[in-house]
Number of protein chains: 2
Amino acid sequence: MTSLAEENYLKAIYKLHEKNGSMVTTSALAETLGINAASVTDFIKKIAAKKLISYQKSKGVTLTDKGRLMAINIIRKHRLWEVWLVNNLGFKWDEVHDIAEQLEHVVSDELIENLDKHLGYPKADPHGDLIPDAKGRFAKNTSKPLTECNPGDKVKFTGVADHSIAFLQYLTKSNIKLGDEINIEAVETYDNSFQVKINKKETKLLSKEVVKNLLVVQA
Amino acid sequence: MTSLAEENYLKAIYKLHEKNGSMVTTSALAETLGINAASVTDFIKKIAAKKLISYQKSKGVTLTDKGRLMAINIIRKHRLWEVWLVNNLGFKWDEVHDIAEQLEHVVSDELIENLDKHLGYPKADPHGDLIPDAKGRFAKNTSKPLTECNPGDKVKFTGVADHSIAFLQYLTKSNIKLGDEINIEAVETYDNSFQVKINKKETKLLSKEVVKNLLVVQA
DNA sequence: ATACATAATTAGGCTCACCTAATTTTATTT
DNA sequence: AAATAAAATTAGGTGAGCCTAATTATGTAT
Ligand SMILES: [Mn+2]
Ligand SMILES: [Mn+2]
Ligand SMILES: [Mn+2]
Ligand SMILES: [Mn+2]
């Protein structure tokens, strides 16, 4: 019924919509999926015929309610598996994405509900991304990039905007973990770097590239 | 490199060889895989070209060392996942096979080694089937069908010869579990049924169909 | 040994999910 | 508005893994 290709397309459309808003273009999909644009045009016609997306020729696509629910369900599975891999199997947060990319396609509602229960109904995955419930509902996300904060603010590190292995390993090396308290001591106007104190102990200097990829909530 | 189809063929060849000995025929493969014999002929030529099987035209196929190792690795993964599903996720032994059929194809050596460790290096799966180690080695299997035992024998129930959901559920309903002690009180010569005592408590009458599918070791 | 039944292979074709090259549509410059 | 660049689509084609129908090989019965 639902192929691997179809699931990957729906997820990619969902994520691109989330990132850029509005319509998802053929070229953006081709880029993220690593597939030729001509092939993408073919495929989106097929899933548009199945009412999973609505397709405006030469404009782009958006998910239908049905398609969105399917995309969210795959994301739910991906994130639950990532939690399991880190919390139960001892993987690091930079090691789990590719394995979860495979596990997310395993089909069994009972499996996912049992996994969710086994994990204690986690709210977020190892990267701080929120896990939707079985009906596709997300909790309200109150996080924002650290760049939007000011000297004197006390915040909590809750997620990453950049999921690359390089960034995750940089944070690990720098001893910065999800849940850490960050106090902003100063912002350098010349290069937009932040001087922060982590967990009231270590003082660190974070470049603007790092700061914009740290998601935080007001403590 | 290795496709889903290829893994399923190798596993099917391995299991048919284990069950019937000698060469595996095209028709046997077609039957177990639910694929047309003509398609099987096509496919076995391809994997023979890859040196995963040796193929004697119109006779049948056998696994090469390389192919056997790959088949055993898939079986290892299948059985480890089944252990996890039963021991950690709360599934019953009759519910896990189809999910494991999917999970066995997930590719990550690290994942499987971490799973094995997490499970405490189990020796057998929920149906009593032995789990090969990472190098493809099986422990010596000393079990035999209960049919081969005699009145007065004390044995331990260690595995099933029939993995069907119907048989597994029959055993569950009859309150017979892996590890149970079975004392053979009498064998009825008319219909080859066995009168047994389970765990020194309940006396039960088992038909010859049941008895031949119960694998036991001498206690 | 011949006839018949069964198993296996060959020949030709299909769908899925991709590709390249050519063409058309849309957006941006001049 | 015309020229140019970029994006999208159309046209035609490929390999993987399946199919059916026809043919050939093998095994069994007479
Ligand atoms: Mn991920
Ligand atoms: Mn994640
Ligand atoms: Mn199984
Ligand atoms: Mn099993």
Side-chain angles (χ1 to χ4, degrees), chain A residues 1-14 16-17 19-63 67 70-71 74 101-102 104-105 107, chain B residues 1-14 16-17 19-63 67 70-71 74 101-102 104-105 107:
Chain A
M1 197 78 249
T2 309
S3 72
L4 182 65
E6 193 173 289
E7 295 195 339
N8 285 334
Y9 271 85
L10 292 175
K11 190 172 55 140
I13 293 165
Y14 182 89
L16 285 168
H17 182 82
K19 185 150 68 96
N20 309 324
S22 77
M23 269 193 163
V24 175
T25 62
T26 300
S27 52
L29 268 177
E31 169 74 27
T32 53
L33 292 169
I35 291 172
N36 188 281
S39 309
V40 172
T41 300
D42 273 357
F43 203 91
I44 61 183
K45 283 184 197 165
K46 284 187 217 165
I47 53 177
K50 293 174 78 173
K51 309 278 186 200
L52 300 176
I53 59 175
S54 70
Y55 169 41
Q56 280 182 263
K57 199 163 152 174
S58 291
K59 298 283 178 180
V61 300
T62 51
L63 291 168
M70 288 173 63
I74 298 159
E101 286 285 305
Q102 298 180 66
E104 73 188 7
H105 300 291
V107 176
Chain B
M1 198 77 251
T2 310
S3 71
L4 181 65
E6 192 173 291
E7 295 196 339
N8 285 334
Y9 271 85
L10 293 175
K11 190 171 53 138
I13 293 165
Y14 182 89
L16 286 168
H17 181 82
K19 185 151 69 96
N20 308 323
S22 78
M23 273 200 158
V24 176
T25 61
T26 301
S27 50
L29 268 177
E31 169 73 26
T32 53
L33 291 170
I35 289 171
N36 188 282
S39 309
V40 171
T41 300
D42 274 357
F43 203 91
I44 62 184
K45 283 184 198 165
K46 284 187 216 164
I47 55 177
K50 294 174 80 172
K51 309 277 186 202
L52 300 177
I53 59 176
S54 72
Y55 169 42
Q56 281 183 259
K57 197 163 150 176
S58 292
K59 298 281 180 183
V61 299
T62 51
L63 291 169
M70 287 173 65
I74 298 158
E101 286 287 305
Q102 298 180 66
E104 72 188 9
H105 301 291
V107 177

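Within every chain, numbering begins at 1; the chains are lettered A, B, ... in the order of the sequence lines, protein sequences first and strands thereafter. Bear in mind that the values here come from a model prediction, so they are computed numbers and not experimental data. Below, all heavy atoms of this structure are taken into account, side chains as well, without hydrogens, waters or symmetry copies.
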Tabulated below should be each protein N or O lying under 3.5 Å from an N or O of nucleotides 14-18 of chain D; please produce it.
residue	atom	partner	partner atom	Å
D:dG17	OP1	B:Ser3	OG	2.8

Task: Contact under 4.0 Å: A:Thr26 side-chain N or O vs D:dT9 OP1/OP2 - done: yes
Open item on the list: Quick check for you: to the nearest 0.5 Å, what is the distance between A:Tyr9 atom OH and A:Ile53 atom CD1?
Closed with: 9.5 Å
Task: Whole angstrom value for the distance that separates C1' of C:dT10 from OH of B:Tyr55 - done: 11 Å
Open item on the list: Which heavy atom of A:Asn8 sits nearest to which heavy atom of A:Leu33, and what is that distance?
Closed with: O-CD2, 3.7 Å
Task: Rounded distance (Å) that lies between atom P of D:dA7 and atom CG of A:Leu16 - done: 15 Å
Collect all protein-nucleotide pairs involving nucleotides 2-6 of chain C in which both atoms are nitrogen or oxygen and the distance is under 3.5 Å.
none

Task: Nearest listed nucleotide, side chain of A:Lys45, among D:dT10, D:dG27, C:dT9 - done: D:dT10
Task: Non-hydrogen atoms of B:Ser22 and B:Thr62 that approach each other most closely - done: O-CG2, 4.3 Å
Open item on the list: Under a 3.5 Å distance rule, please check whether A:His17 uses its side chain to pair with a backbone N or O of A:Met23 as donor and acceptor.
Closed with: no
TODO: Locate the shortest heavy-atom distance separating A:Val24 from A:Ile13; write the atom from each residue and the value.
DONE: CG2-O, 3.6 Å
- [ ] Check whether any side-chain N or O of B:Thr41 sits under 4.0 Å from OP1 or OP2 of C:dT10, and answer yes or no.
- [x] no
Task: Value in whole Å for how far the P atom of C:dA7 lies from CD of B:Gln56 - done: 19 Å
Open item on the list: Counting the atoms with a prime plus P, OP1 and OP2 as sugar-phosphate, which does A:Ser58 contact under 4.0 Å by heavy atoms, base, sugar-phosphate, or nothing?
Closed with: sugar-phosphate
Open item on the list: For a quick test of reading the model: is some side-chain N or O of B:Lys57 closer than 4.0 Å to OP1 or OP2 of C:dA7?
Closed with: no
Task: Non-hydrogen side-chain atoms of A:Thr41 and A:Tyr55 separated by less than 4.5 Å - done: yes
Open item on the list: Using whole Å, what does the distance between atom P of nucleotide D:dA8 and atom CD of A:Glu31 come to?
Closed with: 12 Å
Task: Spacing between B:Ile44 atom CD1 and C:dA8 atom P, to the nearest angstrom - done: 9 Å
- [ ] Compare all side-chain heavy atoms of B:Glu6 with those of B:Lys50 and state whether any distance is below 4.5 angstrom.
- [x] yes
Task: From CG (A:Leu52) to CG (A:Leu10), nearest 0.5 Å - done: 5.5 Å
Task: Whether A:Gln102 side chain and B:Val107 backbone form a donor-acceptor pair below 3.5 Å - done: yes
